[in-house]
Structure formats: structure tokens, C-alpha cells
Amino acid sequence: MLPWTIASPATPTGFSSSPRGRSLLRLLRRPIATLPLPSPRPFSLTGNASFPTPVLRSSPHPSPPEDATTDFVRLLKASSRSVKSLLDAGLLHSVAVKAGLGQDDRVRTGLLRIYCGCGRVDLAGKLFDEIRERDVLAWTLLISGRARAGQYREGLEMFAAMLAEGPLPNRFTLSCVLKCCVGCGGDLGAGKSVHGWVLRNGTEFDVVLLNSVLDFYAKCGAFACTKNLFRTMNEKDAISWNIMIGAYLRQGDIDGSMELFRTSPYQDVSSWNTIISGQMEHGLHAIALQILHTMVDMGPRFNQFTFSTALVIASRLTMLDLGKQLHCQILRTGHAGDVFVRSSLIDMYSKCGDVHASSSVFSGSSEHTDGTVTESISFSAMVAGYVQNGMSEEALELLRDMFQEGVKVDQFTLTSAAAACSDAGILEQGMQVHCCVVKLGHVFDAFLSSAITDMYAKCGSLEDARKAFDDSRVTNVVLWTSIIGSYASHGRAAEAIHLFEQMSEEKIVPNEISFVHVLSACAHAGLVGKGHAYFKSMQEDHGIAPSVEHYTCMVDLLGRAGLLDRAKDFIQEEGISNYPVVWRALLSACRVHSDVEMASWVCEQLVQLEPCESGHYILLSNIHASRRKWEEASELRRMMHEKGVRKRPGQSWIQIRNKVHTFMVGDKSHPEAAEIYSYLESLIGRLKEMGYASRTDLVLHDVEEEQRESILNFHSEKLAVAYGIMSTPKGIPIRVMKNLRVCADCHEAIKYISQATCREIILRDAYRFHRFSNGKCSCGDYW
DNA sequence: GTAGGGTTAG
């Protein structure tokens, strides 16, 4: 528990009140142009720079502005914070044109600022080209817009052009340029050029500017440069010290950072925050929590940064109690209006599994919102919270609200939305999300590309997943892992393995999840030797310790290949017999290889570990039933009944024209139930003529033959497939999702259905995809 | 200068 005794601040804070701060403010107010400025030398930049069209110089003394223009320019500046949609920006633009102000350079600059604020740097760039006399404001606004839009390289190119032919940059220009240097993956050369430029142009006394350079070096990991600059700075403020403390932390030199913290003349709340978030960056949550405690004991009051970070600690350590305490303090200290604090609260409650609390914080936040971009942060935290807690429907509903209310939908929200579509398996909405991604131009976002790739695969369209992967403009291990997993789950083991090899050739280092996929691919393809080799290489070459998921894949690998005894020995040798999931993998293998004895033994282990889990009772009961050992099967059912174990109801769903239709076994609640049942019966009649026989031996229940068959015939997946065929034109592929694993009889029947109706049928079950075409399934009847 | 919301897993 956190002792909430808040000590009075020991050191003066806020630089504006200190004498040093006042001199700083004076310096800040001093226009950069009054400093001695020698003529700038050419700015060296690596890479191909394409320069904008040359600036046309008009008369050196433009006529004084008219009142209407000045007023409109003022209006533009005032609205730049609140105008966040392209529609509003366009409206202002057309008002300007209609009023005959469209040709004025200052109006164009104002509109440029507005377009940048809406994230439409492309349109801002067009306006920039039209401006006749580009002043430092126009250049800086566009460079800043490019930096915010992630177009760092373009920002640097603009800066080079500005030095060559534009006005002299000011402090703000340079800090944007340094952001671009960091964004370009820490372009040290470009950053050093800026530093050189600052020194040559006599602005080295400007502590604010030098802090930007210092921060740049720290963020690029150029520790020696950071230390050097810090040492030579004539004037250092609290920010300089904090950047330096952060630099030590980034180096992993925690002792060094603490030493600096102790010697700093500015031990204010910011230094504490820097120290705490530095620990977080290294994943040292427990230590961060300790420092937080110390801060409560002896440090200054928490500010909004401290609360945000503290909430992240609570969510990483899943400490709901701590989170609630912080929430109380936030309300008491009046920080509830801060958008970051609120989104951290939403996130903390979601990650601790209390979505109810998240959504009440979210609903309460409407009173603080002002319709600006900050609003979208709370929205996107809430959308993510729903997705993390498996509530995809609510997540997508909230996304719809965002569009309706005109809240900015950014790449974060879209990533969560794509994940929601993946979970729900709804291709049409997924495609709509993808359209938004393309329209809003988020093609450089690796998170989003991975989520879209995964979405297509999980919605059954491997082709679109591949296309999204190929079209992605950025790449990383997660994107590769998504596509490898897509092929693996669609039964295309050879391609999955090939992609894994290709990834290594591209020098992308696989992570633990990549290995899960490639091992699972080996298991499904029956490649025992290869699987073993990957398992060994993972540990020896990549230093990844196997997790339960990896062990499960290995048991699956051996079990599926029929090496049941080896699989059993593996479980015992590796000391993983406490994990139910590995036994479940072995039980599945027993079913595939019809080894009743081993299955009974495995089931005993499982029942001990998980007495209330229905899955293994059902699996074993099916094995007995398939052998017509009705007594054993009924004994199992009695055990299930005794222990109050219930089977999770099987559900299948299909999306037709933007509506999801859900079915359960023998379910007649659908409005077209009568038509569906009669169509399915006639279809099964046709299948029987083709040679299909109901696998009545696979039914769980020991009932009369005819009754058993009718239960099988109306399993949820068959109903959904039948409805899909009835309600879509010929030749259109059918995509059905099921919450449990597909039943063996349905699997057999759907193979025949794909042949009888000349349809491709894609069925997603709880673990993988089955792609039926011409009487065959992509899983090779091996799942 | 520092904070927040996002992707891959039998």
C-alpha cells in the first residue's frame, strides 16, 4: 500500500519563479534574429534531397495588410487548435477563397497550419508551393507538420532547402528538425549538422535550443556526445539535468543516473518522473514502484506525469488496488481533467480486467472533452480496452460513435479496430477498417500493417493477408510473424516454413512467437526432424528459453506423427507435466491415432489437473463412442454430471451482407430456420448419393441411430454453411467461424458439400482454418 | 525535456 503523506515541496519548482528562470524567460523572449548571425553554410544531408520549387521574391516592402485579411488570419490562428477534420479545414479554405483572400500569403500560411493540424500534410504542402513569399513561419509550420506526420526524411529535406534559399530558421524550426533527425532512426550525421549550425550561428547561449540538441543525442543513444555537450553547456536548467539523467538510464547505468539525480540542483517532480520512467523503460517495474514510494515519502507532489507513470506501473504489475488508490488521489488533487491521466486510468482498469471501471471513467470523461484531438486518446484507450477484454462488438460500436461524432480516428484506434475484426472474424468490417487505413494514409505504421495482415488471415482470406503483407511499406518481426502464423493456421505449412527462412535471410531476428508458429507448422506438416532442429536453434542460437507454447508444439509434433510414447516421455523429461495444455495436445494425438489406452491415461492426468474442464471429458467420451464402448462413455458423462462440468455450447456464425447470423446445434431461432433445415436435409440427401455416410460413431451421446444422425445433421457449422450457400450467389466462397473445434462428421460432410455445390468453404475453428474445395480440406484431415 | 492509447501465441 502506498502511504499518502504528501510532504511540502523541498526545493522551489517552476523555472519562471526563480531568478535563473526569469533570465531564461528574457532570453526566450529575445528574437533569434537579434543574435549575431553569420551567413549559414550549406547543410550536409545524407540521402537524396528533392527540393521544393524555388521561392519567388516579390517586392521587399509588401503593402500593409488590410483589416479583413488581418482578422481572417487571426481567426485561422485561433481555430487551428480546434479544427481537426478535413471537412472544417476545407470549409475555412473555401470561405477564404470566396472572400477573395485566397491569394494572400498570410492567409495561405494560416490555412497551411490548419491542414497540418488535421494531419493533411499533403494539402499543406500544396499551399506552401503557392505561397509567393515564404517566411520562417511557413517553412517551420510545414517542417513541424511533416515531423508530426512521421515524414521525417521529408522534413530534413525541407530544412536543407530552407537553409539554401529560405529565411533563417528560428528556435522552433531547429527543434522540429531535431525531432526529424530522431525520427529518421537517429540520423546522427544530420543531427550533428544541426548542432554545428547552432554553434556557427552564435546561438550556443540559448539553453532551450541546446537542450533540444542534448535531447537529440540522448535519444540517438550517442551517450558520449550527450555527456560532452552537457559538460560544456554554460547554462544548464532543470531540463538539461533531466535529459542527462534520462541519458544515463537509457545507457542502463542506473547507479550513474541516481548519482546525477542526487547531485542535481533541481530535484523537482520532473527529475523524480524521469528516474521512475527510466526504470520502466528497462522493464524494472518493481524498482519503479519502490522509487515511487520514496517519492511519496520525501519528494514533491505528484503532477500529471507522475500519475500517468504510476498508473502504468499499476497496470504492468496488475495491481488493481494501487490503481484504485491512485484514482482517488487523482480525483482529490484535481488531475482528473488531464487527458493523459484519464487515458492511463482507462488503460489501467482495462489491463487489470475491470472494463466496467474503464468505461465509467470513459463516460465521465465527456464532461472534460472539448472536441479536439485529445478526445481521441480516451476513445482509443477505451476501444483497446474492449478488445483486450474480448469485447469486439463494443469496440466496433465505439469506433462507429467516433466517426459519427467526428472524433479523430488515428492509427492507434484503427489497430485496435482491426484486432476486434480479427477476433470476431468479420471480414466486411475488417475491410472497412482497411479502407480507413488507406484513406488516412497510415501506410508507414508497422503495428497497423501487422494488425491488418492478421485480420485478413483470421477472417479467412489468406490472399488478402498476403497482399497486406506485401504492400506494407514498413517491416518488422511482428509483421513477419503475423504472416507466418497466417500460413501456419491455414494449413500451408511449407509456405510458413519458407517465409520463416526468408525472414532470417532479410536479417530480421525471430522472436518467441515466430518460433511458436514455425514449430506449429512443422507439427502440422509432420516434419519431426525439422521441428526438433528449430526447437534446438531457438535455444542455442537465439537464447530463447522454451515457454509452455513451445513445449505444446513439440508434444503436438511428436503426437501427430504417431510417436505417442516419445511425446509422453518428452512431457515427463522436460518437467512440464503440470501444464494441462501439453496433456491436451497429447490427448488430441491419441484421438487422431485412436489410442484409447493412452487417452484414458492422459485423461486421468488431466482430470487431476483440471477437474472442471469439459474439453477432455468430451474428447475421451468421443473416443469411447467411436469404439462403441458405450459404458465407458456413459461413465464419463456421469462423472461430468457429478462434478457439474458443462460442455461449452458450440456456436457457428456467418456474415451475410453486413449482418452476422449465429447458429447453435438444432437451433430454430433463425427467421429462415424452416428453409435452412429443408435445404440442409435435401443437401445431405445429395451428399449420401455421392458416398457420404454420417459418422454416427462420433456422437457423444449413446442414443438411437436415427436420432444421433439428426443431431449430427444439424450441428451449428452445417447450419451456417447451408445458410451461406442458400443466401449467396453461385461460386462465392463461404466463410464460417466456429468457437470450438470442428466436429469430425461436419468436417467430412463439408468436404462433400464443397464438391456438390462447387464452392470454396473456409471454416475457422477455435485453433485453425479449414479450407474446403473440390471435396478436399487444406488440413489434410489432420487437425 | 519527461507521460498515454496499438500488432503476432494450443
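Residue numbers begin at 1 in each chain, while the letters A, B, ... track the order of the sequences.
- You'll find that the side chain of A:Asp215 is closest to B:dG1, out of B:dG1, B:dG6, B:dA9.
- In the set B:dA9, B:dG6, B:dG1, the nucleotide with an atom closest to the side chain of A:Ile239 is B:dG1.
- Straight-line distance from the CD1 atom of A:Ile275 to the P atom of B:dA3: 14 Å, rounded to whole Å.
- In this structure, A:Lys219 does not reach the B:dG1 phosphate: none of its side-chain N or O atoms is under 4.0 Å from OP1 or OP2.
- Between the CG atom of A:Leu214 and the P atom of B:dT2 there is a distance of 11 Å, given to the nearest Å.
- The six-membered or imidazole ring of A:Trp480 lies away from that of A:Phe500, with a centre-to-centre distance of 6.0 Å or more.
- Rounding to whole angstrom units, CG of residue A:Leu292 and P of B:dT2 are separated by 20 Å.
- Listed nucleotides B:dA9, B:dG1, B:dG5 differ in distance to A:Ser380; the shortest reach to its side chain belongs to B:dG5.
- At distances below 3.5 Å, not a single donor-acceptor pair connects side-chain atoms of A:Ser461 with backbone N or O atoms of A:Ala457.
- At a cut-off of 3.5 angstrom, counting only N and O atoms as typed in the model, there is a donor on one side and an acceptor on the other between the side-chain of A:Ser450 and the base of B:dT7.
- For A:His517, taking side-chain heavy atoms from C-beta onward, the closest of the listed nucleotides B:dA9, B:dT7, B:dT2 is B:dA9.
- Residue-nucleotide stacking is not present for A:Phe340 and B:dA3, judged by a side-chain ring centre under 5.5 Å from the six-membered base ring centre and planes under 30° apart.
- Taking atom CE of residue A:Met455 and atom P of nucleotide B:dG6, one finds them 19 Å apart after rounding to whole Å.
- The listed nucleotides are B:dT8, B:dG10, B:dG5; the one nearest the side chain of A:Thr552 is B:dG10.
- When each of B:dG10, B:dG6, B:dG1 is scored by its nearest atom to the side-chain atoms of A:Leu448, the top-ranked nucleotide is B:dG6.
- For A:Val516, taking side-chain heavy atoms from C-beta onward, the closest of the listed nucleotides B:dG6, B:dG1, B:dA9 is B:dA9.
- Listed for the A:Ser350 side chain is a donor-acceptor partner under 3.5 Å among the backbone atoms of A:Ile346.
- In this entry the distance linking CZ of A:Phe515 with C1' of B:dT8 reads 15 Å, nearest Å.
- Rounded to whole Å, atom P of B:dA3 lies 17 Å from atom CD1 of A:Ile330.
- Among the atoms of the strands shown, only primed sugar atoms or phosphate atoms (P, OP1, OP2) are found under 4.0 Å from some heavy atom of A:Ile243.
- Protein atom OH of A:Tyr386 is 15 Å distant from nucleotide atom P of B:dG6, rounded to whole Å.
- Partners of A:His550 by ring-ring contact (aromatic ring centres under 6.0 Å, His included), not counting sequence neighbours: none found.
- The separation between A:Gln279 atom CD and B:dA3 atom C1' is 16 Å, rounded to whole Å.
- Ion pairing between a basic and an acidic side chain is recognised when a charged N comes within 4.0 Å of a carboxylate O; A:Asp470 and A:Arg466 show such pairing.
- Residue A:Ser343 places no side-chain atom within donor-acceptor reach of the base of B:dG5, judged by atom type and a 3.5 Å distance cut-off alone.
- Set against B:dG1, B:dG5, B:dG6, the side chain of A:Gln411 has B:dG6 as its closest nucleotide.
- Put simply, the side chain of A:Asp410 and the base of B:dG6 share no donor and acceptor less than 3.5 Å apart.
- Within the nucleic acid shown, A:Ala384 comes within 4.0 Å of sugar-phosphate atoms alone, with no base atom in reach, counting heavy atoms only.
- Contact annotation: A:Lys351 side-chain N/O to B:dG6 OP1/OP2 distance is under 4.0 Å.
- Partners of A:Thr481 by side-chain contact (heavy atoms from CB on, under 4.5 Å), not counting sequence neighbours, listed by chain and number: A:Val477, A:Asn511, A:Ile513, A:Ser514, A:His517.
- By the stacking rule of 5.5 Å between ring centres and under 30° between planes, A:Phe412 does not stack on the base of B:dG6.
- The residue A:Ser344 sits close only to the backbone: its heavy atoms come under 4.0 Å of sugar-phosphate atoms, none of a base.
- Between A:Gln388 and B:dG6 there is a side-chain N or O to OP1 or OP2 distance below 4.0 Å.
- Residue A:Lys458 places at least one side-chain N or O closer than 4.0 Å to OP1 or OP2 of B:dA9.
- For A:Asp445 against B:dG6, a side-chain-to-base donor-acceptor contact under 3.5 Å is present.
- The nucleotide whose nearest atom lies closest to any side-chain atom of A:Gln304 is, among B:dG6, B:dT8, B:dA3, B:dA3.
- Contacts of A:Val548 with the nucleic acid, taken as non-hydrogen atoms under 4.0 Å apart, are absent.
- Between A:Phe307 and A:His335, the angle of the ring planes lies from 30° to 60°, which puts this pair in the tilted group.
- Of the candidates B:dG1, B:dG5, B:dA3, the closest approach to any side-chain atom of A:Ser376 belongs to B:dG5.
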